[in-house]
2 protein chains.
Amino acid sequence: MSVKARRRMTAQMDRAARVCARQGAQLTPLRRHVLGLILEVGAPLTAYQLLDRLKLTHKGAAPPTIYRALDFLMEQHLVHKIERLNAFVPCVEAGHRHPAQFLICCQCGVVSEIENRAAANALEHAAEQEGFRPRNTVVEIEGVCAACFRPS
Amino acid sequence: MSVKARRRMTAQMDRAARVCARQGAQLTPLRRHVLGLILEVGAPLTAYQLLDRLKLTHKGAAPPTIYRALDFLMEQHLVHKIERLNAFVPCVEAGHRHPAQFLICCQCGVVSEIENRAAANALEHAAEQEGFRPRNTVVEIEGVCAACFRPS
DNA sequence: CTTTCCAAGCAATATTATATCATACCGGCC
DNA sequence: GGCCGGTATGATATAATATTGCTTGGAAAG
């Protein structure tokens, strides 16, 4: 892991700590550790992949251990679940609810989160035209990313 | 099941038959039966719910039976999977690829499909700004439907 | 000090999905 | 007819994902 990446990770972790403190939520060592795993890998990880990594340092870890931590992290808007992959990634805009839009490259597997107001508004508008009150909008766009399309 | 609903279902089934014929795809009795189950219930059903129903008339049915049928129906764009629910619903615009946008009511569980060009375009645009080539866009909006919001 | 609350430990189990190999059926072709 | 290749289905097993319920321990609140 590069120095730069490590620095970014520390910043994200600090931010997470502040977010939780503000909410009165406890970012316990275990939860922090799980968040760390997600941040350091930088690719979507499934619950059981996380569990395997967690077990290396945390012997008694079992499925509920990881799912509880993930639930907590999702509640705090620190982590997103990618439904198509049953996998988890860090929130880019950590700490507050925001419409999630993901680009999933089906060639290299990279998932990147974008935040496009225009699209989010258009969707909200579309829902409201039906009398629907959106709470949580998830957009998962599968396709080919720029890097894979033009392999330079 | 009302006369009207049955008539609509027959129409959908006929349409499915035409779609498959055009593609040279075989809408076998088994696949037709599974599609029928999905059409008649009118609510999202999980694979195992479908399997239970299928077993009533089709003794040897096992998980692969239903998953194969579902894969086929999804390929033919006759059925969508709702990722958030691990459940399946009929395609409204059956028979051709189209951007799927779902409104999921978290109170009554009703899922309705909409087809909003403006929102779909906005999303496509957002993806392309990143150099991303979308292939398959899934939108799942969770919230409260009109009926639940104003219980009249 | 003790009550309360919540995180975590632990075991079991539920739910969702796939792998694999065998069999049956249908069409064309010799 | 007999064979061949392709596709659909049958059947069994198992993998992958997720939850339930109950218990324990420690820290914060009163």
Side-chain angles (χ1 to χ4, degrees), chain A residues 16-17 20-21 23-38 43-76 78-89 109 111 138 140, chain B residues 16-17 20-21 23-38 43-76 78-89 109 111 138 140:
Chain A
C20 291
Q23 301 294 316
Q26 302 186 48
L27 186 61
T28 62
L30 178 61
R31 290 165 174 174
R32 171 183 281 267
H33 190 114
V34 172
L35 178 57
L37 293 174
I38 293 173
L45 289 170
T46 69
Y48 279 72
Q49 288 170 339
L50 285 165
L51 179 55
D52 287 343
R53 286 161 187 265
L54 183 60
K55 275 178 179 164
L56 298 176
T57 57
H58 195 100
K59 212 164 125 264
T65 314
I66 200 75
Y67 280 104
R68 284 172 185 156
L70 288 169
D71 284 347
F72 172 86
L73 295 170
M74 285 191 291
E75 266 168 25
Q76 301 303 317
L78 298 171
V79 161
H80 290 292
K81 178 174 184 184
I82 311 290
E83 297 288 345
R84 313 256 311 201
L85 306 177
N86 295 318
F88 299 83
V89 295
V111 172
V138 168
E140 294 177 6
Chain B
C20 290
Q23 301 294 318
Q26 300 187 49
L27 186 61
T28 62
L30 177 62
R31 291 165 173 173
R32 173 184 279 268
H33 189 116
V34 172
L35 178 57
L37 292 173
I38 293 173
L45 289 170
T46 69
Y48 278 72
Q49 287 170 339
L50 284 165
L51 179 55
D52 286 344
R53 286 162 188 265
L54 184 59
K55 276 178 179 164
L56 298 177
T57 57
H58 196 100
K59 215 164 124 263
T65 315
I66 199 76
Y67 281 104
R68 285 167 183 161
L70 289 169
D71 285 347
F72 172 85
L73 295 171
M74 286 191 290
E75 267 170 24
Q76 300 303 316
L78 297 170
V79 161
H80 289 293
K81 178 174 184 182
I82 311 291
E83 298 287 345
R84 313 255 310 201
L85 307 177
N86 295 318
F88 299 83
V89 296
V111 172
V138 167
E140 294 178 6

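Numbered from 1 within each chain, the chains take letters A, B, ... in sequence-line order. The structure presented is a predicted model; accordingly, all values stated were derived computationally and were not measured.
Contact annotation: A:Asn86 side-chain N/O to D:dA16 OP1/OP2 distance is not under 4.0 Å. The side chain of A:Thr28 contributes an N or O atom lying less than 4.0 Å from OP1 or OP2 of C:dA8. Not one side-chain nitrogen or oxygen of B:Thr46 sits closer than 4.0 Å to the OP1 or OP2 atom of C:dT15. At the phosphate of D:dA18, OP1 or OP2 sits under 4.0 Å from a side-chain N or O atom of A:Lys81. For C:dG9, neither phosphate oxygen OP1 nor OP2 lies less than 4.0 angstrom from any side-chain nitrogen or oxygen of A:Lys55.
Sequence order on DNA chain D of the closest nucleotides to B:Ala61 and A:Pro63 puts B:Ala61 first from the 5' end.
Between B:His58 atom NE2 and D:dG10 atom C1' there is a gap of 8 Å when expressed in whole angstrom units. If you measure from atom CG of B:Leu30 to atom P of D:dT7, you get 18 Å, rounded to the nearest angstrom. Atom CD1 of A:Ile66 and atom C1' of C:dA8 are 13 Å apart (whole Å). In this structure, the CG atom of B:Asp71 is 16 Å from the P atom of C:dT16, given to the nearest Å. The separation between B:Gln26 atom CD and D:dG6 atom P is 15 Å, rounded to whole Å. Taking atom CD on A:Gln76 and atom P on C:dA7, their separation rounds to 10 Å, with Å as the unit. Here C:dA7 presents its P atom at 16 Å from CZ of A:Arg32, a figure rounded to the nearest Å. In this structure, B:Arg31 places its CZ atom 14 Å from C1' of D:dG10, rounding to the nearest Å.
In this structure the side chain of A:Phe88 reaches within 4.5 angstrom of the side chain of A:Met74, judged on heavy atoms.
Residue B:Lys59 is classed as having no contact, given no heavy-atom separation below 4.0 Å to the nucleic acid. At the heavy-atom level, A:Ala62 lies nowhere under 4.0 Å from the strands shown.
B:Leu70 and B:Leu50 make their closest contact through CD2-CD1, 3.9 Å (heavy atoms, listed as atom of the first residue, atom of the second, distance). When every heavy atom of B:Cys20 is checked against every heavy atom of B:Gln76, the shortest pair comes out as SG-CG, 4.2 Å.
Judged by distance alone, with hydrogens and angles left aside, B:Arg68 brings a side-chain donor or acceptor within reach of the base of C:dT20, the pair sitting under 3.5 Å. Judged by distance alone, with hydrogens and angles left aside, A:Tyr48 brings a side-chain donor or acceptor within reach of the base of D:dA18, the pair sitting under 3.5 Å.
Around atom CZ of B:Arg53, no more than 12 heavy atoms belonging to other residues, nucleotides or ligands sit under 6.0 Å away.
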**Prompt:** Going through the distances and angles, do B:His33 and B:Thr28 end up as a side chain to side chain contact (heavy atoms under 4.5 Å, CB included)?
**Reply:** CA-CA 8 Å; B:His33 189 116; B:Thr28 62; over 6 Å; no
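Stacking of A:Tyr67 onto the six-membered ring of D:dT19 is not present when judged by under 5.5 angstrom between centres and under 30° between planes.
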